[in-house]
2 protein chains.
Amino acid sequence: MAKEGLFNVRASDGGELRLSRASVGRFSLYLRHLEGVLGEGAAKVSSGQLGEALGITDAQVRKDLAYLGSLGQPGIGYSTQELIDAIRRLLGIDRCWPVALVGVGNLGRALLGYRGFAQRGFRVVALFDTDPTKIGQVIDELTICNVEQMPAVIAATGAELGVIAVPCAAAQMVADALIRAGIRGLLNFAPVVLRTPAEVRLVSVDLTVQLEQLAFLVHTQAPESPDTR
Amino acid sequence: MAKEGLFNVRASDGGELRLSRASVGRFSLYLRHLEGVLGEGAAKVSSGQLGEALGITDAQVRKDLAYLGSLGQPGIGYSTQELIDAIRRLLGIDRCWPVALVGVGNLGRALLGYRGFAQRGFRVVALFDTDPTKIGQVIDELTICNVEQMPAVIAATGAELGVIAVPCAAAQMVADALIRAGIRGLLNFAPVVLRTPAEVRLVSVDLTVQLEQLAFLVHTQAPESPDTR
DNA sequence: GGATGTGAACGACTTCACAGCG
DNA sequence: CGCTGTGAAGTCGTTCACATCC
């Protein structure tokens, strides 16, 4: 009932590009690794080196990078910096994304303090919680607001993405409120399947599911280790 | 260079079964939903209802559930309880998994307090940190130990799985230590690609990658919302 | 009628293999 | 010679469609 598929992206040359879902996930990993090797002074990388580092084949890497245009030089490799810039553009993280965080428990605080977010241009600009005792507290110069204030606060701060880090009983209600307030994408950590209108994007991360995957792998002694996600 | 693939599982009838990676991820979601509907008193479910709830097709659900054996009754559906039991057996979570948690920062604490873990039989039995000021602190009746004590503590507690919630600079070192101490599977939250021997299972969760996926989806206004993973 | 289980068709993703370029 | 870019082949995963059974 839900159709999987390819993404249509405006390519750098202005044309349309069909991008597979699986590649999108890998671009984040390429980016992370490329920023690392650039810091070590490597101005060039080859598909073989990248594949080695991420545990995938060199052919796969070349297929992915070909989406960015013809950035590679035969016999030489790719310019690290050029790849980084192109991937950031493709993923849409060549700019700042203002984020609203709902649920300032341990998980929320962990996300708030997470370096990786800021480094990639994600900036938490608003905090919300449903617990009345937390309303009004200030963390990192941000005041925790209640859900009723959401439309006003989100309009004022310009938050476009929402992170849901509340217990699962409250998750759908929080999602609905965020959507009413005009948020365009949700990152959900609550272990429930959220119902959202088609125009709101949703990514869910369920920590229990990940642990269960691991238990399954250990339990069955499966042949190969899986990749990140 | 790493081959992806199917898992060989000992089926309930004793035979070998080939199980796709993708299905494994969905079994956790089925389980979560089934426990919910069982709590509401639904003794039977159909593939259509399950698919509707998780946003996938009924055919997909039937294909997945067929891995469990022929539990369905044509015209009736599946017994909720039977499915729950069979999925728990398949995933290997029909027993308790002792877990060692490394890194007692915000994320570590969030995981420690996470209800879902305990409910599914994952029990944190050992805590470690690299920060000397935290060593010796007691949380939830567990004393935070340092990495040197790892072999002894893990042997004493019987921990089989390790959760890595340390900054990425320390992650590989922690992984190596856990592996030396005899751990069989790792759940990694640090944004690096860990190197592990083939017999140790690895699942990685990179929160930045998830946010970047979301940014990409919003950025491109892709047609359909993705599912959990 | 209503729902399962499953071969066959379809579509997506990965790997192969090699032409072509620096 | 080394490495990229890409058609072709192969593998994996999902959906269709329908025989089958309660």
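Nothing here was measured: the structure is a model prediction, and the numbers come from that model. Order of the sequence lines fixes the chain letters, A, B, ..., with proteins taken first and strands second; residue numbering starts at 1 for each chain.
Annotation: salt bridge (Lys or Arg N to Asp or Glu O under 4.0 Å) contacts of A:R109 (sequence neighbours excluded): none.
Separating the CG atom of A:L71 from the C1' atom of D:dC3 is a distance of 15 Å, rounded to the nearest angstrom. To the nearest angstrom, P of C:dA12 lies 11 Å from OH of A:Y67. Rounded to whole angstrom, the span from the CD atom of B:Q60 across to the P atom of C:dA12 amounts to 15 Å. One atom, CD1 of B:I56, and another, P of D:dG13, lie 15 Å apart when rounded to the nearest Å. When the C1' atom of D:dA17 is taken as reference, atom CZ of B:R62 falls 10 Å away, rounded to whole Å. The nearest whole Å value for the distance from the CG atom in B:D64 to the C1' atom in C:dT4 is 14 Å. Between the CZ atom of A:R21 and the P atom of C:dA12 there is a distance of 12 Å, given to the nearest Å. Across the protein-nucleic acid pair, A:D58 atom CG and C:dC18 atom P stand 15 Å apart, rounded to whole Å.
In this structure the side chain of B:L91 reaches within 4.5 angstrom of the side chain of B:S28, judged on heavy atoms. Residues B:R88 and B:E35 are in side-chain contact: their nearest non-hydrogen atoms beyond the backbone lie under 4.5 Å apart.
Within 4.0 Å (heavy atoms only), A:S23 reaches no atom of the nucleic acid at all. Nucleic acid contact for B:L50: none, since no nucleic acid atom lies under 4.0 Å from a heavy atom of the residue.
With D:dC16, D:dG13, C:dT15 as the choices, the nucleotide that has an atom nearest any side-chain atom of B:A59 turns out to be D:dC16. Side-chain atoms of B:K63 lie closest to C:dG7 of the nucleotides C:dG7, D:dT14, C:dC16.
Within residues 72-83 of chain B, the residues approached by DNA chain C to less than 4.0 Å at the level of any non-hydrogen atom are B:G72, B:Q73, B:P74, B:G75, B:I76, B:G77, B:Y78, in residue-number order.
Remark: the backbone N or O of A:L38 is not paired with any side-chain donor or acceptor of A:T80 at under 3.5 angstrom. The main-chain N or O of A:P98 is never found under 3.5 Å from a side-chain atom of A:R123 such that the two would form a donor-acceptor pair. Judged by distance alone, with hydrogens and angles left aside, the side-chain atoms of A:R120 form no donor-acceptor pair with the main-chain N or O of B:E212 at under 3.5 Å.
Residue-environment remark: CZ (A:R115) stays at or below the threshold of 12 foreign heavy atoms within 6.0 Å.
For C:dA12, the OP1/OP2 oxygens have no side-chain nitrogen or oxygen of A:S20 closer than 4.0 Å. Between B:S47 and C:dT4 there is a side-chain N or O to OP1 or OP2 distance below 4.0 Å.
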